[in-house]
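Here's the structure we're looking at; comments come further down.
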Amino acid sequence: MDEVRQVIRDVQHFGEEGGVVPVIDVAATSTFLDPADMEKVFHGTLPGRYLYSRHANPTVAALGKKLAAMEGMDAALGVASGMAAISCALEQLLPAGGHIVSSRTIYGGTYALFRNIFPRRGIRVTFVDPDDVSAFERAMEPDTGVLYTETMSNPLLGISDLKALGRLAKEHGAAFVVDNTFTPAVVTPSRYGADVVVYSCTKYISGSSDLIAGAIVGGAAFVEELVDIHNGLAMLTGPVMDALIAHKLYLRLDHLPIRMAAHSRAAGYLAAKMEEAGVPVIYPGLKSHPQHKLMKQMMHPEYGYGGMITIDCKTREKAFALAARLQEEKFGLYAVSLGFSRTLLSCPSGSTSSEIPAAEQARMNLSPGIMRMSIGYTGAEMVMWERFHRCWKEIS
Ligand SMILES: *Cc1c(COP(=O)(O)O)cnc(C)c1O
């Protein structure tokens, strides 16, 4: 049953004069006919009125409705980037500081935020192995307010047991926050107890590598709190989403599920060919993946296992040589980020995961020869495989 596709579609905003797409509302500020009403907005007694676009904007709100529907949650707020989503959501959850238990294998920027910025703000973070639920449990402290993980970890594509972690968070009265950037539509974390879901919309949700954006999805009260005029992290630190970007993302959400299925099909084809040819490959859709069964239980099968593949070239030199050849052969582009219509390649050890110290990288099995591939859906799968295989044989 194509539930995700259906719920996204059924959120519908008409443009003025009955347009089939919503208008882009670019107004920075809104007029009040009665001055007394403006005071009421500041005092929180006139909900639903637009005041100033950093507080709320109709186009950003329309996007929020679609994102919330996709996640099966009450509300969502578009923000300026994935990092803005993560930092605002977590600081709003821990207003007086406190403790986070987090998966160790997370996005490099998030890791650096947790390690280098949060301590300045009275927030301590303990990192644990993502596939060891008992390690999360052992790390819980009396002031643990948040349990944090990514559905599919970066760049090693480990799968978190969201159900077990959600249960653990609940038992300890902590909020369960999930970064679902690698698996929109594929996995719905709220089904497994996520209280807040964060996204870098820069990746699959945009799909065009032409903008930076993020989103926070959660309960109505929490999302409302984020834009509270006197206490909201998003409102008062200011990383809000622009209406033009919200409008682009609104339109792109309708075809996100189709794009995810296309990414998954291309990645699944390549991963199977790679495994057959003896390439050390990690892909959750392969039976050899340690959490293949878990992923199968959590995912909506119609969108597949996602578009990310990681291979191990063993050494940094071989990974670099392969990347250069793959780019020459037009297999992919050597660039950070993911979720683009074309294939993007990167070697995370010295780049996107370079924030993570070498010893820690070794602990996570992040070898210097790791190459992460965000498989695009453009081109013919068979041609793409031939190009990859030719380059792989050259460097082996
Ligand atoms: C890219 C990314 C982020 C950060 O998002 P930006 O939009 O670049 O700020 C966070 N988490 C994950 C998993 C990402 O891939």
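Nothing here was measured: the structure is a model prediction, and the numbers come from that model. When a ligand or atom number is given, it counts from 1 through the structure's own listing order.
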- prompt: Is D195 paired with K170 through a side-chain N to carboxylate O contact shorter than 4.0 Å?
  reply: no
query: Is any NZ, NE, NH1 or NH2 atom of the basic residue among R5 and D254 found under 4.0 Å from an Asp or Glu carboxylate oxygen of the other?
result: no
Any side-chain donor near an acceptor of the partner, [X] and [Y], under 3.5 Å:
X: Y192; Y: Q297; result: no
X: S190; Y: T188; result: no
X: S103; Y: E150; result: no

- request: Please assess H289 against Y305 for the test ring-ring contact (aromatic ring centres under 6.0 Å, His included), listing each intermediate value before the final yes or no.
  value: CA-CA 11 Å; H289 188 286; Y305 293 87; 9.0 Å; no
statement: Those residues with a heavy-atom separation under 4.0 Å from ligand 1 are S81, G82, M83, I86, Y107, E150, D179, T181, F182, S200, T202, K203, A213, L338
